[in-house]
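One is the number of the first residue; the rest follow in order along the sequence. We count ligands from 1, going down the list as the structure has it; atoms in each ligand are counted the same way. Values below: every heavy atom of this structure, side chains too, minus hydrogens, waters and symmetry copies.
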Amino acid sequence: MSSASALRAPTVQASPPPAREQALRPEVNEAHVRFIGLGKTYAGQAQPALQGIDLNIRRGEIFGIIGRSGAGKSSLLRTINRLEQPTQGRVLIDQVDIAPFDEDRLVELRRRIGMIFQHFNLMSAKTVWQNVELPLKVAGVAKAERQRKVRELLELVGLAEKHHVYPAQLSGGQKQRVGIARALVHDPEILLCDEATSALDPETTASILELLRDINQRLGLTVVLITHEMAVIRDICHRVVVLERGEVVEQGEVWQVFGSPHHEVTRTLLAPLQAKLPAALQASLRSNPASRDAAVVLKLVALGELELSGLFKDLGGQVSLLQGGVETIGERALGRLILAVRGSVHQPHQLLERARRWADDVEVLGYVG
Ligand SMILES: Nc1ncnc2c1ncn2[C@@H]1O[C@H](COP(=O)(O)OP(=O)(O)OP(=O)(O)O)[C@@H](O)[C@H]1O
């Protein structure tokens, strides 16, 4: 994209990357946005909102940021376009430190980084067309070019027919489409999404996610999004980071983090997406076997294919499927099973060991019977 060179060229001269960064590993060099030792403490606050963040966001990926309320998600996102100023560390965009940017460079940076919001932030007294056109006017773009651009973007977001209406006459999803069109007027290379689908119903959310995915693929945009909806991360993100008290506690490919979450916070956040035992069974689950006939209840997660006949044979005894299914995350299959194994000759730790030959993550949930 032409905007990348506009960002990169002049700043490299103004602020060359230190020698340490020139010897980076190749995959680090792919970073589009890079946080180095990033910290933020708000004035008057004892606790930092962000601390020690070292993170790369790759060019062209859809990157999710999750965490509990107050974990620092918005603070982190807003350092990318310097709506928040870090108090420690650096943010590099295309290897360029954005901290020394003066006002002019900041305006240029913010044109290269589009942003959409939960409540759309549209101007109610302006039509759809005028809302999208306004940032182009402010930037001094000539009328013919403005018209071409607004027409093209309203086509892209599927709102060409609604160009003359006011925001109050639009549905939530349509308002967000206007927000997206407006965010794209300067051909940005990065799109920041702050809870962009949180005010929308599931069906509208799906259509906005489809649009974001389409934009990501067609325009090659790097998309960074915050959401409290784990299904959004599952459905469109390539990688995800989990923040807790301003620190990174887990990060990775979505299918790996969702398939095998390591941190307690990640497990809690993902709980709504996990397979659940039927309530009656959950109630009868014990932490110790009540008799020699008790069944061990195992939860298994397999990243990729799970060979059931081999697993069942290896576990021995009578294996019942209590819950299970395969979902697709990205292009990966993720299998989740909850099994009851009765009458196995193996002790629980042996069962676990055997199950781990077949699945990536295995847990004993308890005993029934
Ligand atoms: N302008 C501010 N002044 C002082 N403290 C702030 C400010 N903005 C955020 N904070 C504090 O910084 C911490 C991180 O806030 P942030 O909004 O980044 O978290 P978040 O993960 O986005 O939360 P949420 O999911 O609730 O939106 C919180 O403790 C918050 O109270």
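- Counting the atoms of ligand 1 from 1 in the order shown, those under 4.0 Å from a heavy atom of R68 are 21 (O).
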So D194 and R78, salt bridge (Lys or Arg N to Asp or Glu O under 4.0 Å) or not? Walk me through it. CA-CA 9 Å; D194 194 349; R78 292 159 65 89; 5.2 Å; no

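- Annotation: atom 2 (C) of ligand 1 to nearest protein heavy atom, Y42 CD2, 3.4 Å.
- Side-chain contact of H263 with E244: a donor-acceptor pair under 3.5 Å is absent, judged by distance alone.
- Only side-chain heavy atoms of Q45 come within less than 4.0 Å of ligand 1; its backbone N, CA, C and O stay farther off.
- Taking 4.0 Å as the cut-off, H228 does not count as a neighbour of ligand 1 on heavy-atom distance.
- In this comparison of R78, R245, K73, the heavy atom closest to atom 21 (O) of ligand 1 sits on K73.
- Nearest residue to atom 16 (P) of ligand 1 from S75, S69, S198, G246 is S75 (criterion: closest heavy atom).
- Cluster membership check: L136 does not share its hydrophobic cluster with V107, using side-chain heavy-atom separations under 4.5 Å among Ile, Leu, Val, Met, Phe, Trp and Tyr.
- Within the 4.0 Å cut-off (strictly below), a protein heavy atom is located near atom 8 (N) of ligand 1.
- For the pair V364 and V297, the minimum side-chain heavy-atom distance is 4.5 Å or more.
- Regarding atom 27 (O) of ligand 1, its nearest protein heavy-atom neighbour is S74 OG, 4.2 Å.
- Ionic pairing of K149 and D187 is present here: one or more N-O contacts between side-chain nitrogen and carboxylate oxygen are shorter than 4.0 angstrom.
- Contact of the L225 side chain with the I62 side chain is registered, since non-hydrogen atoms from C-beta on lie closer than 4.5 Å.
- For the pair I208/R177, a side-chain contact is recorded, criterion being any heavy-atom separation below 4.5 Å from C-beta on.
- The option with the heavy atom closest to atom 29 (O) of ligand 1, from among G70, A49, A43, G67, is G70.
- At the shortest separation from atom 19 (O) of ligand 1 among protein heavy atoms lies G72 N, 3.2 Å.
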